[in-house]
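Below is one structure, written out as structure tokens; the observations come after it.
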Protein chains: 2
Amino acid sequence: MAGNSTAAAPGGESLLFLTDEQLRNGIEAMFFAYRAFTADPDMILAAHDYGRAHHRAIHFINRQPGLTVSALLALLGVTKQSLNRVLRALVEDGLVEARVGRQDKRARHLYLTPAGQALERELSDAQRARMRAAYRAAGPQAVAGFRQVLEAIMDTDLRQTYQSVKGAPARSLSEREGQA
Amino acid sequence: MAGNSTAAAPGGESLLFLTDEQLRNGIEAMFFAYRAFTADPDMILAAHDYGRAHHRAIHFINRQPGLTVSALLALLGVTKQSLNRVLRALVEDGLVEARVGRQDKRARHLYLTPAGQALERELSDAQRARMRAAYRAAGPQAVAGFRQVLEAIMDTDLRQTYQSVKGAPARSLSEREGQA
DNA sequence: CTTGGAAAGTCAACAAGGCTGACGTAAAAT
DNA sequence: ATTTTACGTCAGCCTTGTTGACTTTCCAAG
């Protein structure tokens, strides 16, 4: 079975932190923390008649202005049809601008309008405030561990995706793609 | 505004870990890690024609056998109509048993049947395997930090909820409520 | 040059799982 | 006796995921 709970350490280290009970606590902590993590943006979004899907799109468009729909698709991990609905609403409401590619006219390059930037700021201010408070309370060392474990939880694919975004090229894409 | 990024430390500590950039990375790490975190259970659930909602119910019923519908409601933070749909399916499929309370006959106490326990094991084995690998890769100190930050992210309410479950009384509820 | 496939995006329709509102019933509490 | 609590249920709505069936555009091979 899978319950090799309190195994003695082969390398001499205490492996008590690998107990099934510890793992279960970690799983539940992820569940509750993620709920809190999305709570503030959710409230703001509801006031604007948007949902989490809109938030995610706005977040990454802000992070990499000029990225294409398919690039965004790869980041979000949803179908293009699903994303399209969200994107259409944002474009119609004037929060996002979709410019046709100069070199490849099939591609749409996405940008936040000033209104879009305003909402992005509102959302990320709230979310960062919570993270900042948590980071401050836990301290730098805990934060380092936090990040380490989160990265270890990711798949190889996702970790690469994450790493590629982390650097935040910002603006480089638009230049690379030859946009205005 | 909210961008007090690289502020100098009032207490003398380096506050570089509170940079907007650092916070943004943390936010994205949460997003990607949570996706990976739910990926394995999601695949198993799809094969059984269930969704995440069923998983959550099964998880907490396993954690606290004999808990009532309203207790589960409080843990999950959804409406009873939403939970009821999920619960009805699980009861009909013979994964969950709902016993009428002995002392309070209004209450339904929930238990996993052997079939329910089997699915729970399948799901949690997969999820724990991922967490175990991540914990092992990151090491005990990182795990401690991980847990600290997650708890700090939670609201006061959620933290209390989490703490109350963490102890895992398991079986104590059924006795307290006078169940068979 | 044309033609056929791949890539980008759109429209339509469906399902899961949230939500609100209204109602019913039994049991408990006052 | 009345009110409140715990639970179930019906009806209907919304968001956000899905698949399937198209265009339009680009590129490469014949």
Side-chain angles (χ1 to χ4, degrees), chain A residues 31 34-35 38-39 41-59 66-93 96-110 177-179, chain B residues 31 34-35 38-39 41-43 45-58 61 66-93 96-110 173 177-179:
Chain A
F31 171 65
Y34 198 78
R35 222 163 76 192
T38 55
D42 281 355
M43 292 222 308
I44 296 169
L45 289 160
H48 291 259
D49 273 306
Y50 290 126
R52 254 180 233 183
H54 302 87
H55 183 191
R56 295 195 277 259
I58 288 172
H59 174 93
L67 90 174
T68 63
V69 171
S70 29
L72 184 52
L73 229 40
L75 286 175
L76 297 178
V78 299
T79 59
K80 63 181 170 175
Q81 293 89 331
S82 191
L83 174 58
N84 199 264
R85 193 190 307 132
V86 165
L87 232 35
R88 198 189 320 152
L90 292 174
V91 169
E92 279 175 7
D93 296 354
V96 166
E97 192 188 350
R99 300 187 202 154
V100 173
R102 181 176 296 177
Q103 277 144 24
D104 186 339
K105 289 177 197 159
R106 295 171 301 178
R108 265 73 170 165
H109 298 267
L110 304 168
E177 296 287 340
Q179 278 300 302
Chain B
F31 170 64
Y34 198 78
R35 220 163 77 191
T38 55
D42 280 356
M43 292 223 306
L45 288 159
H48 290 259
D49 273 306
Y50 289 125
R52 255 181 232 182
H54 302 87
H55 183 190
R56 295 195 277 260
I58 288 174
I61 294 172
L67 92 172
T68 63
V69 172
S70 30
L72 184 52
L73 230 39
L75 286 174
L76 297 179
V78 298
T79 61
K80 68 176 172 179
Q81 292 92 329
S82 193
L83 175 58
N84 202 265
R85 193 190 307 139
V86 165
L87 230 37
R88 199 189 320 156
L90 291 174
V91 169
E92 279 174 8
D93 295 352
V96 166
E97 192 187 349
R99 300 186 203 154
V100 172
R102 182 176 294 178
Q103 277 147 23
D104 185 339
K105 290 177 196 160
R106 295 170 304 179
R108 263 75 169 168
H109 299 268
L110 303 169
L173 256 188
E177 295 287 341
Q179 278 301 302

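Letters A, B, ... mirror the listed sequences (proteins, then strands); counts begin at 1.
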When every non-hydrogen atom of A/Leu45 is compared with those of A/Gly51, the smallest separation belongs to CD1-O, 3.5 Å

Check: At under 4.0 Å between heavy atoms, what does A/Ser70 touch on the DNA or RNA strands: base, sugar-phosphate, or nothing?
Finding: sugar-phosphate

Kindly indicate whether the side chain of [X], heavy atoms from C-beta on, has any atom under 4.5 Å from the side chain of [Y].
X	Y	result
B/Phe31	A/His59	no
A/Leu83	A/Leu75	no
A/Tyr50	A/Asp93	yes

Could you tell me the separation between the [atom1] atom of [X] and the [atom2] atom of [N], rounded to a whole number of Å?
X	N	atom1	atom2	answer
A/Tyr50	C/dC19	OH	P	22 Å
B/Leu83	D/dC10	CG	C1'	17 Å
B/Arg56	C/dA16	CZ	C1'	11 Å
B/Leu90	C/dA16	CG	P	14 Å
B/Asp42	D/dT18	CG	C1'	14 Å
B/Asn84	C/dG18	CG	P	13 Å
A/Arg35	C/dG18	CZ	P	11 Å
B/Leu87	C/dA16	CG	C1'	16 Å

Nearest to the side chain of [X], heavy atoms from C-beta on, is which of [options]?
X	options	value
B/Ala53	C/dG17, D/dT18, D/dC7	C/dG17
A/Lys105	C/dG18, D/dC26, D/dT18	D/dC26
A/Arg88	D/dG8, C/dG18, C/dC11	C/dC11
A/Lys80	C/dC19, D/dT9, C/dA8	C/dA8

Base of D/dT24 paired with side chain of A/Arg106 (donor-acceptor, under 3.5 Å): no

Quick check: any donor-acceptor pair below 3.5 Å linking the side-chain of B/Gln81 to the base of C/dG17? no

Walking DNA chain C from its 5' end, the first of A/Arg85 and A/Asp104 to be reached, judged by nearest nucleotide, is A/Asp104

Nearest-nucleotide check on DNA chain D, B/Leu73 vs A/Val86; residue mapping nearer the 5' end is B/Leu73

Just N and O in the side chain of [X]: are any of them under 4.0 Å from OP1 or OP2 of [N]?
X	N	result
B/Ser82	C/dG17	no
A/Arg108	D/dT24	no
A/His54	D/dT16	yes
A/Thr79	D/dT18	yes

Only residue of A/Arg52, A/His55, A/Arg35 satisfying side chain to side chain donor-acceptor pair (under 3.5 Å) with A/Asp42 is A/Arg52

dist B/Leu90:CG -> B/Leu110:CG (nearest 0.5 Å) comes out at 9.5 Å

